[in-house]
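The first residue of the sequence shown is numbered 1, and numbering continues consecutively from there.
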Amino acid sequence: MIIEINPHDETPIYTQLMYQIKKNIILDRQSVEDGFPSVRSLASDLGINMHTVNKAYNLLVDEGMLIKSKRGYFIQDKATLKPHDNVKQAMLEKLAQVQIDAEIYGVSEQLIEEWLTDIKQQLKGEVK
């Protein structure tokens, strides 16, 4: 699993960690059978506070992305993964922010679609 945290980014570290974990799942760097490192271990490896890792893991559990068991944290099987209302609301808020910026800066829908296609290709490992 590859995780890159930027301490100078305005995005909170726990949010960066959540999206790095999700990205690893999409890129198949992490499978359903693989457990995640312990909270302490990952915090130590990344040089961040263990409460930050714990918060990221638990928010991913709340989203339904991860399962917490006595053996640790594991990926929820994608076949049973469904977006919760809080996930839908968070995505709608992010999309609204993108739409607002697009309106402000005059970015066309076509350009946004091109950017989305580029992002999808990057996440599938199809770098241009």
Which residue pairs pass the salt bridge (Lys or Arg N to Asp or Glu O under 4.0 Å) test when at least one of the two sits in residues 10-21, sequence neighbours left out? none
Decide whether [X] and [Y] are clustered together by the hydrophobic rule: side chain heavy atoms of Ile, Leu, Val, Met, Phe, Trp, Tyr closer than 4.5 Å, transitively.
{"X": "Met18", "Y": "Val61", "answer": "yes"}
{"X": "Val53", "Y": "Phe74", "answer": "no"}
{"X": "Val87", "Y": "Ile67", "answer": "no"}
{"X": "Tyr105", "Y": "Trp115", "answer": "yes"}

Applying side-chain hydrogen bond (donor to acceptor under 3.5 Å, both in side chains), name anything that partners Thr11, two or more places apart in sequence or on another chain. Asp9
Would you please name every residue forming a side-chain hydrogen bond (donor to acceptor under 3.5 Å, both in side chains) with Asp101, sequence neighbours left out? none
Applied to residues 38-55, the side-chain hydrogen bond (donor to acceptor under 3.5 Å, both in side chains) test, sequence neighbours excluded, yields Asn54-Asn58
Supply the atom-to-atom distance [X] [atom1] to [Y] [atom2], rounded to the nearest 0.5 angstrom.
{"X": "Asp62", "Y": "Lys68", "atom1": "CG", "atom2": "NZ", "result": "10.0 Å"}
{"X": "Leu46", "Y": "Met50", "atom1": "CG", "atom2": "CE", "result": "14.0 Å"}
{"X": "Ile119", "Y": "Gln122", "atom1": "CD1", "atom2": "CD", "result": "7.0 Å"}
{"X": "Leu123", "Y": "Lys120", "atom1": "CG", "atom2": "NZ", "result": "10.0 Å"}

Using every non-hydrogen atom in the two residues, find where Leu17 and Ile3 come nearest and quote the distance to one decimal. CD1-CD1, 3.7 Å
Note: Ala56 and Tyr14 closest approach over all heavy atoms is CB-O, 3.6 Å
Is it the case that over 12 heavy atoms from other parts of the model lie below 6.0 angstrom from the CD1 atom of Ile104? no
Among residues at least two apart in sequence or on other chains, which ones pass side chain to side chain contact (heavy atoms under 4.5 Å, CB included) with Leu116? Ile112
Just wondering, do Leu66 and Tyr57 contact through their side chains at under 4.5 Å, heavy atoms? yes
Under a 4.5 Å cut-off applied to non-hydrogen side-chain atoms, are Val39 and Tyr73 in contact? yes
With a cut-off of 3.5 Å and sequence neighbours excluded, list every side-chain donor-acceptor pair involving residues 19-26.
| residue | atom | partner | partner atom | Å |
| --- | --- | --- | --- | --- |
| Tyr19 | OH | Lys94 | NZ | 2.1 |
| Gln20 | OE1 | Glu4 | N | 3.3 |
| Lys22 | NZ | Glu63 | OE1 | 2.8 |
| Lys22 | NZ | Glu63 | OE2 | 3.4 |
| Asn24 | OD1 | Ile2 | N | 3.2 |
| Asn24 | OD1 | Arg29 | NH1 | 3.4 |
| Asn24 | ND2 | Ile2 | O | 2.6 |
| Asn24 | ND2 | Gln20 | O | 2.8 |

